[in-house]
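Below is one structure, written out as structure tokens; comments come after it.
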Amino acid sequence: MQYWLFKTEPGSYSWDDLLEDGVAEWDGVRNYTARNYLRAQVKVGDLVLFYHSNANPSGVIAVARVVRDGYPDNTAWELDSDHPDPRSTPDKPLWYMVDIEPVRALTEPLSLQAIKAIPDLADMVLVKNARLSVQPVTRTEFEMIVALGGIDI
DNA sequence: GCCAACGTTGGC
DNA sequence: GCCAACGTTGGC
């Protein structure tokens with residue numbers, strides 16, 4: 001069992017959207033580091049901190065669960081999609097995605113500001129590399145954030 | 001909207 | 001392979 005943090009701008013795909021959809025294809029990731037995680041390391045059953053970026057405030061707002069291992073992101077070769085990349089083809093896919101489902105919202109969303117104020121969370125990738133949109137989280141970090149968020153998983 | 005930090009591209 | 005120029009992300 002591994003733990004991750006996925007970022008999304010609520011204006012493009014929010015936690016409410018995931019609740020409505022039930023399952024989401026986490027498509028559109030166009031960064032090689034994030035792609036490598038999605039392709040090989042993010043696995044069914046892993047738990048995901050659901051993070052809203054470019055929000056008021058930005059922060060972790062919920063927990064989701066991976067329900068499908070990495071597979072090619074078909075939106076890359078659909079040229080009318082939101083994230084086309086003609087370098088990626090069905091024969092040689094360049095980008096990957098996983099599927100996730102909602103688990104539970106935090107009763108107390110944990111803002112980035114709050115996270116940065118907690119010394120034990122200072123080593124989070126979120127704090128050290130603000131831009132990575134799929135990132136590993138340690139079990140300790142995950143459990144701390146979930147507890148601060150007021151829920152039991 | 002600004003801008004710092006990070007990623008990517010492409011000339012050499 | 002280096003690195004300058006450009007593009008993107010995301011906090012504020």
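Everything numeric here is computed off the predicted structure, so don't read it as measured data. Only heavy atoms go into these numbers, but all of them, side chains included; no hydrogens, no water, no symmetry mates. In what follows, every chain begins at residue 1, and chains take the letters A, B, ... in the order their sequences are listed.
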For C:dT9, does OP1 or OP2 lie under 4.0 Å from any side-chain N or O of A:K7? no
In terms of side-chain heavy atoms, does A:N36 have a donor or acceptor partner in A:T33 at a distance below 3.5 Å? no
Determine the interplanar angle of the A:W26 and A:F6 rings, folded into 0 to 90°, and report it as parallel if under 30°, tilted if 30 to 60°, perpendicular if over 60°. tilted
Side-chain donor/acceptor of A:D21 to backbone N/O of A:A24, under 3.5 Å: no
Can any side-chain N or O of A:T107 pair as donor or acceptor with the backbone N or O of A:G149 at less than 3.5 Å? yes
Rounded to the nearest Å, what distance is computed from the CG atom of residue A:N36 to the P atom of nucleotide B:dT8? 10 Å
Taking the basic N atoms (NZ, or NE/NH1/NH2) and the acidic carboxylate oxygens, is any pair closer than 4.0 Å for A:D73 and A:R35? no
With a 3.5 Å distance limit and no angle check, can you tell me whether A:Q2 reaches the backbone of A:K43 through a side-chain donor-acceptor pair? no
Just say parallel, tilted or perpendicular for the rings of A:Y32 and A:W95, cut-offs at 30° and 60°. tilted
Between C1' on C:dT8 and CD on A:E9, what's the gap in Å once rounded to a whole number? 11 Å
Across all chains, not counting sequence neighbours, the ring-ring contact (aromatic ring centres under 6.0 Å, His included) partners of A:Y71 are none
A:S58 vs C:dG10: side-chain N/O to OP1/OP2 distance below 4.0 Å: no
A:R30 CZ to B:dC6 P, in whole Å, measures 23 Å
Find the distance A:Q113:CD to C:dG10:P and express it as a whole number of Å. 19 Å
To check you understand the geometry: which heavy-atom pair defines the closest contact between A:D27 and A:M97, and what is its length? CB-SD, 3.4 Å
So does A:Y51 get a side-chain nitrogen or oxygen closer than 4.0 Å to the phosphate oxygens (OP1/OP2) of C:dG11? yes
Please compare A:N54 and A:N31 by the position of their nearest nucleotide in DNA chain B and report the one closer to 5'. A:N54
I need the residues from residues 73-91 of chain A with at least one non-hydrogen atom less than 4.0 Å from DNA chain C; give them sorted by number, or say none. none
Residues from residues 114-132 of chain A sitting under 4.0 Å of DNA chain C, heavy atoms only? A:K116, A:A130, A:R131
